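Everything quoted here is computed from the prediction, not taken from an experiment.
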Amino acid sequence: MARGADVGIDMDNQDDPVQSTRMLFFGDDLLADGLRLIGFETYPSPDPQAVDRIFRDLRRGHERAFVLVDDAVMGQNIPNLQQVRREGGHIVVIAVPALNAPPQLNSEVARRLAALFGANLESGQSGEREPE
């Protein structure tokens, strides 16, 4: 069986081409500009219906995707985004804070760590000492 050089392509089965991973960003205009320069498909300040439609299409097409979503979009009620986050799998979604905002850790893991260590992780304060 012939195989593609570095990418593991099965050259005998041309009906099943290797599927690439899409890189998408939904959110702040300034962040979108930078991510566009490195090859992301960007959707600056998207409306929730557009985001929902794109995630629905990704799910239906069984596409592989790496998706960055800013906190403002992540906090909206977008059913297909929520479904993708519950399912996991071929679509990876990562929340990113706005450029001028402190990071907020809002995951279940962050809440458990905060409860365990007594730190206020959700407000961006870790409880660590400041370097002297």
So which atom in [X] and which in [Y] form the shortest heavy-atom distance, rounded to 0.1 Å?
X	Y	value
Glu63	Asp57	OE2-O, 4.0 Å
Asp71	Pro97	OD2-CA, 3.3 Å
Thr42	Ala32	CG2-O, 3.4 Å
Asp28	Leu30	OD2-N, 3.1 Å

Note: Asp33-Arg36 ion pair, threshold 4.0 Å (strictly below)
yes

Among the clusters formed by ILVMFWY side chains lying less than 4.5 Å apart, do [X] and [Y] turn up in the same one?
X	Y	answer
Phe40	Val92	yes
Met74	Val51	yes
Leu68	Val73	no
Leu31	Ile38	yes
Phe25	Met23	yes

Phe26 versus Leu81: any side-chain heavy-atom pair under 4.5 Å?
no

I want to check something: taking the side chain as every heavy atom from C-beta on, are Pro48 and Asn77 in contact at a cut-off of under 4.5 Å?
no

His90 vs His62 aromatic rings, parallel, tilted or perpendicular, using cut-offs 30° and 60°?
tilted

Does Arg85 have more than 12 heavy atoms from other residues, nucleotides or ligands lying within 6.0 Å of its CZ?
no

Gap between atom [atom2] of [Y] and atom [atom1] of [X] - 0.5 Å precision:
X	Y	atom1	atom2	answer
Ile78	Arg56	CD1	CZ	13.0 Å
Asn80	Asp52	CG	CG	4.0 Å
Ile54	Tyr43	CD1	OH	4.0 Å

